[in-house]
Enquirer: 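Below is a structure I'd like to ask you about.
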Protein chains: 2
Amino acid sequence: MQPALDPLSTTLSALADPTRRAILARLARGAATVNELAEPFDISLPAVSRHLKVLQAAGLISRGREAQWRPCRLEAGPLKDLDGWLASYRRFWEGSFDKMEAYLATITKGDPDGREN
Amino acid sequence: MQPALDPLSTTLSALADPTRRAILARLARGAATVNELAEPFDISLPAVSRHLKVLQAAGLISRGREAQWRPCRLEAGPLKDLDGWLASYRRFWEGSFDKMEAYLATITKGDPDGREN
DNA sequence: CTTGTATTTAACGTACTTGTTAAATAAAGC
DNA sequence: GCTTTATTTAACAAGTACGTTAAATACAAG
């Protein structure tokens with residue numbers, strides 16, 4: 001068993017794969033089966049199955065059970081948590097950003113490299 | 001040379017490591033040198049240096065050069081892009097969420113497992 | 001030019017990730 | 001029961017990630 005990453009790390013590594021993000025994008029338009037999800041990709045079904053396992057372990061999808069199909073659906077909880085984490089950094093690209101730029105400018109005194117200590 | 005991941009994947013994998021996120025949190029409070037950044041961690045300096053390399057490659061930090069110090073500073077661009085990506089999913093945990101819940105409830109007809117097709 | 005401080009690179013080990021193919025499991029339907 | 005369809009597990013290979021220690025590099029200062 002792995003050392004059990006913290007939830008945010010688990011979410012971020014799950015999202016770090018473009019195939020998995022594409023799967024989520026598809027699920028944002030509604031639930032789908034494994035075969036449906038695999039259709040756009042040039043990888044084998046087992047590979048897709050494993051991506052789904054990763055997404056489910058991260059809580060980003062949940063799965064149902066209908067005959068031989070295991071439909072997947074998007075679960076937004078971890079995305080919401082990620083959004084919450086990101087929020088603490090939002091000030092760096094919003095409003096006060098100009099203020100910070102100005103502040104940095106005063107302490108770097110026109111240094112082209114922008115070093116300040 | 002690696003196949004060059006797309007920028008969002010690069011950002012997300014850089015952020016997927018808790019040590020790297022802690023480094024960013026520290027840098028959110030102001031620029032810092034490698035030794036300063038390494039201080040709170042129980043890992044070697046080379047390990048920290050490599051984390052910084054990853055963060056820089058992802059554009060999440062920039063580095064200056066002051067005598068033998070290479071001060072790091074936070075760069076918010078990739079975080080802003082991530083926020084932009086996340087925005088497309090925001091509807092899943094805001095406002096219309098209740099509506100979606102209600103919708104799912106109608107098609108699952110009280111199934112405890114929540115399957116809908 | 002030798003020493004001390006800051007940081008990186010090299011070399012290496014271990015573990016995880018991702019993909020593959022072949023086989024197993026699950027359920028439907030004849 | 002046997003076949004078909006959907007999906008997962010097993011076994012394996014190649015590449016990547018992350019940590020270590022030892023050596024190299026960069027610069028400041030005697």
Side-chain angles (χ1 to χ4, degrees), chain A residues 1-6 9-24 26-27 31-58 60-73 113 115-117, chain B residues 1-6 9-24 26-27 31-58 60-73 113 115-117:
Chain A
M1 209 180 275
Q2 285 140 266
L5 287 180
D6 61 289
S9 296
T10 303
T11 300
L12 287 161
S13 23
L15 295 176
D17 185 289
T19 301
R20 286 195 288 261
R21 286 200 308 282
I23 288 172
L24 290 184
R26 165 62 188 80
L27 290 177
T33 68
V34 179
N35 270 292
E36 286 167 354
L37 291 171
E39 196 270 318
F41 303 108
D42 274 349
I43 60 178
S44 66
L45 224 24
V48 173
S49 183
R50 291 236 297 245
H51 280 304
L52 293 174
K53 200 172 190 174
V54 171
L55 289 169
Q56 183 173 24
L60 285 159
I61 66 171
S62 61
R63 320 202 53 181
R65 193 175 281 251
E66 178 76 17
Q68 66 258 233
W69 296 276
R70 318 281 162 82
C72 304
R73 102 164 51 90
D113 244 309
R115 56 189 186 260
E116 79 276 66
N117 66 4
Chain B
M1 206 180 280
Q2 286 140 268
L5 286 180
D6 61 291
S9 295
T10 303
T11 301
L12 288 161
S13 24
L15 295 176
D17 185 287
T19 300
R20 288 196 287 264
R21 286 198 309 281
I23 289 174
L24 289 184
R26 164 65 187 79
L27 291 176
T33 67
V34 178
N35 270 292
E36 287 167 351
L37 290 172
E39 196 269 320
F41 303 109
D42 275 349
I43 60 177
S44 66
L45 224 24
V48 172
S49 183
R50 290 237 294 245
H51 280 305
L52 293 174
K53 199 171 191 174
V54 171
L55 288 170
Q56 182 172 24
L60 285 160
I61 66 172
S62 61
R63 321 202 51 180
R65 193 174 281 249
E66 177 77 15
Q68 66 257 233
W69 296 276
R70 319 280 163 81
C72 304
R73 103 162 50 89
D113 245 306
R115 57 190 186 257
E116 83 276 60
N117 68 1

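Chain A is the first sequence line, chain B the second, and so forth, proteins listed ahead of strands; every chain is numbered from 1.
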Enquirer: Taking 4.0 Å as the cut-off, does a side-chain nitrogen or oxygen of A:Arg20 come that near to OP1 or OP2 on C:dT18?
Expert: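 Yes, A:Arg20 has a side-chain N/O under 4.0 Å of OP1/OP2 on C:dT18.
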Enquirer: Without decimals, in angstroms, what is the distance between B:Glu66 CD and C:dA6 P?
Expert: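 Answer to the nearest Å: 14 Å.
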Enquirer: Given D:dT25, is OP1 or OP2 found less than 4.0 Å from the side-chain N or O atoms of B:Arg65?
Expert: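 Result: no.
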Enquirer: Check whether any side-chain nitrogen or oxygen of A:Arg63 sits under 4.0 Å from OP1 or OP2 of D:dT8, and answer yes or no.
Expert: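 For A:Arg63, the contact criterion (side-chain N or O under 4.0 Å from OP1 or OP2 of D:dT8) is met.
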Enquirer: OP1, OP2 of D:dT9 versus side-chain N and O of A:Lys53: anything below 4.0 Å?
Expert: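 Yes, such a contact exists.
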Enquirer: So, for A:Thr19 and A:Ile43, which heavy atoms are closest and what is the spacing to 0.1 Å?
Expert: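 It is CG2-CD1, 4.2 Å.
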Enquirer: Think A:His51 has a side-chain N or O under 4.0 angstrom from the OP1 or OP2 of C:dT17?
Expert: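 A:His51 to C:dT17 OP1/OP2: no side-chain N or O under 4.0 Å.
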Enquirer: Of the options C:dT18, D:dT7, D:dT20, whose atoms approach the side-chain atoms of A:Asp17 most closely?
Expert: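 Of the candidates, C:dT18 comes closest.
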Enquirer: Within this structure, what is the CD-to-C1' distance between A:Gln68 and C:dA27, rounded to whole angstrom?
Expert: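 It is 5 Å, rounded to the nearest whole Å.
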Enquirer: Quick one: is A:Asn35 getting a side-chain N or O under 4.0 Å of the D:dT5 phosphate, OP1 or OP2?
Expert: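 No.
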Enquirer: Decide if atom CG of A:Asp42 counts as having more than 12 heavy atoms of other residues, nucleotides or ligands within a radius under 6.0 Å.
Expert: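 Result for CG/A:Asp42: open.
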Enquirer: So which nucleotide from C:dA27, C:dT18, C:dT7 ends up closest to the side chain of B:Val34?
Expert: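 From the listed options, C:dT7 comes nearest.
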Enquirer: Side-chain N or O of B:Ser44 less than 4.0 angstrom from OP1 or OP2 on D:dT20?
Expert: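 It does, given that an N or O in the side chain of B:Ser44 lies less than 4.0 Å from OP1 or OP2 of D:dT20.
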Enquirer: Have a look at B:Leu45 and say if it touches a base, only the backbone sugar-phosphate, or nothing, with a 4.0 Å heavy-atom cut-off.
Expert: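 The residue B:Leu45 makes base contact.
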Enquirer: Just N and O in the side chain of A:Ser49: are any of them under 4.0 Å from OP1 or OP2 of D:dT7?
Expert: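 Indeed not, no polar side-chain atom of A:Ser49 lies that close.
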